[in-house]
Amino acid sequence: MTPTRISIVIATGNLHKVGEIQSILGTRVECRSLRDFPAAPAPVEDAETFAGNAAIKAISLSRWLIENRRESEWPLYVLADDSGLEVRTLAWAPGVHSARFFALDDGRVGNASDGENNAKLIRLLATVPAEQRQARFRCVLAWTPVMAAPAGEDSARWLQVQTRHFEGRCEGRIAERGSGASGFGYDPLFVPDGFDLSFAELGVEAKNRISHRARALAHLNTDISREATNR
Ligand code: IMP
């Protein structure tokens with residue numbers, strides 16, 4: 001018997017993230033993304049942790065689906081990814097501010113471009129020697145059911161309790177200059193431990209075997225398998 005596919009919506013419009021997540025979760029999960037629900041509002045990601053921001057994104061989308069879509073259209077789960085780069089010599093910055101790292105300097109609202117963020121990182125580390133350029137990527141996933149709260153329960157609080165988190169890390173170092181054309185964000189500058197090439201040079205397949213996102217998704221996959229067995 002063919003197992004039923006689990007339908008999920010990934011709370012991101014970043015097609016790189018969607019592609020990585022879809023290819024790691026494989027065919028038993030049917031993924032849609034925010035691109036399929038352009039009317040869904042973008043919540044303010046103002047938590048100071050990856051887990052907090054991932055939960056904000058997942059719970060906001062789950063509530064919006066419940067309130068704005070027919071039950072027959074609801075996916076089983078919303079999956080949100082919050083991730084970023086932490087650099088040891090910068091006291092683990094940019095962290096949750098990774099997407100707007102450069103924009104923090106000029107007070108601009110919203111994210112900076114990947115080019116601007118990478119240029120800032122190269123500049124800040126210009127005089128830092130090779131042995132002090134340790135960094136890591138972290139990814140925290142929030143996995144929230146799309147399910148109406150029982151009568152009398154506060155919907156946001158109830159979904160918060162139902163939300164599960166999965167974390168993955170990838171250790172490495174920051175190169176002196178960017179290289180490679182694959183991936184996104186800080187990929188051209190990040191060289192994972194055990195390699196001499198950046199994520200952007202290694203390519204998507206190699207990255208998806210060792211990345212922070214792949215490791216977080218491996219924990220989620222274990223959980224999905226357990227749930228499918230118990231169904
Ligand atoms: P988020 O979309 O709010 O989670 O922002 C994540 C930011 O962290 C991205 O815009 C990138 O700058 C960075 N980032 C997260 N994961 C990766 C990755 O796999 N490669 C490169 N940069 C990443």
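Heavy-atom basis, side chains included; hydrogens, waters and symmetry copies ignored. Atoms within each ligand, like the ligands themselves, are counted from 1 in listed order. Everything numeric in this text was worked out from a predicted model, so none of it was measured. In what follows, residues are counted from 1 in the order of the sequence shown.
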Can I get a per-line list of side-chain donor-acceptor pairs under 3.5 Å for residues 58-68, giving both atom names and the distance, sequence neighbours left out?
| from | atom 1 | to | atom 2 | distance (Å) |
| --- | --- | --- | --- | --- |
| Ser62 | OG | Pro145 | O | 2.9 |
| Arg63 | NE | Ser155 | OG | 3.4 |
| Asn68 | ND2 | Trp64 | O | 2.9 |

message = List ligand 1 atoms under 4.0 Å from Lys207, heavy atoms only on the residue side.
response = 18 (C), 19 (O), 20 (N)

task = Would you please determine whether Lys17 falls within less than 4.0 Å of ligand 1 on a heavy-atom basis?
result = yes

key: Qualifying residue for side chain to side chain donor-acceptor pair (under 3.5 Å) with Ser83, from Arg213, Arg138, Glu167   = Arg213

message = Does the residue Asn117 have a heavy-atom contact with ligand 1, meaning some pair of atoms that are separated by less than 4.0 Å?
response = no

inquiry  = Using side-chain contact (heavy atoms from CB on, under 4.5 Å), reason through Leu141 and Asp82 one step at a time and then give a plain yes or no.
reply    = CA-CA 6 Å; Leu141 302 172; Asp82 202 67; over 6 Å; no

Check: Glu20 N/O within less than 3.5 Å of ligand 1 N/O = no

note = atom 20 (N) of ligand 1 sits nearest the protein heavy atom Asp187 OD1, 2.7 Å

message = If hydrophobic clusters are built from ILVMFWY residues whose side chains come within less than 4.5 Å, do Val29 and Ile24 share one?
response = yes

request  = Sequence neighbours left out, what pairs pass ring pair (Phe, Tyr, Trp, His ring centres under 6.0 Å) with at least one residue falling in residues 15-59?
outcome  = His16-Phe184

message = So for atom CD, which belongs to Glu71, do other residues, nucleotides or ligands contribute more than 12 heavy atoms lying within a distance under 6.0 Å?
response = no

task = Please could you name the atoms of ligand 1 that His212 approaches to less than 4.0 Å, counting only its heavy atoms?
result = 16 (N), 17 (C), 18 (C), 19 (O)

key: Per atom 21 (C) of ligand 1, closest listed option by heavy atom (Phe101, Phe184, Phe190)   = Phe184

Glu116 bridged to Arg100 by N-O distance under 4.0 Å = no

query = What atoms of ligand 1 come closer than 4.0 angstrom to any heavy atom of Gly185?
reply = 21 (C), 22 (N)

query = Which class fits the ring pair Phe190 and Phe199: parallel under 30°, tilted 30 to 60°, perpendicular over 60°?
reply = tilted

request  = Scan side-chain atoms only and decide if Asn118 and Arg123 contain a donor-acceptor pair under the 3.5 Å cut-off.
outcome  = no

ask   = What do you reckon, is CZ of Arg88 surrounded by more than 12 foreign heavy atoms closer than 6.0 Å?
value = no

query = Does atom CG of Asp154 have more than 12 heavy-atom neighbours, drawn from other residues, nucleotides or ligands, at distances under 6.0 Å?
reply = yes

ask   = Any N or O on Asp114 sitting closer than 3.5 Å to an N or O of ligand 1?
value = no

inquiry  = Under 4.0 Å from a heavy atom of Arg213: which atoms of ligand 1 are those, numbered in the order shown and with their elements?
reply    = 15 (C), 16 (N), 17 (C), 19 (O)

ask   = Nearest to atom 10 (O) of ligand 1, what protein heavy atom do you find, and at what distance?
value = Ala99 CB, 3.4 Å

query = Is it true that Ser211 lies under 4.0 Å from ligand 1, counting heavy atoms only?
reply = no

key: Glu45 neighbourhood, listing ligand 1 atoms whose heavy-atom distance to it stays under 4.0 Å   = 3 (O)

message = For atom 15 (C) of ligand 1, what is the closest protein heavy atom, and at what distance to 0.1 Å?
response = Ser83 OG, 3.2 Å

ask   = Any heavy atom of Asn14 sitting closer than 4.0 Å to ligand 1?
value = no

ask   = Between Lys57 and ligand 1, which residue portion shows a heavy-atom distance shorter than 4.0 Å: side chain, backbone, both, or neither?
value = side chain

note = Closest to atom 12 (O) of ligand 1 among protein heavy atoms sits Tyr186 CE1, 3.2 Å

remark   = Closest to atom 23 (C) of ligand 1 among protein heavy atoms sits Phe137 CE2, 3.5 Å

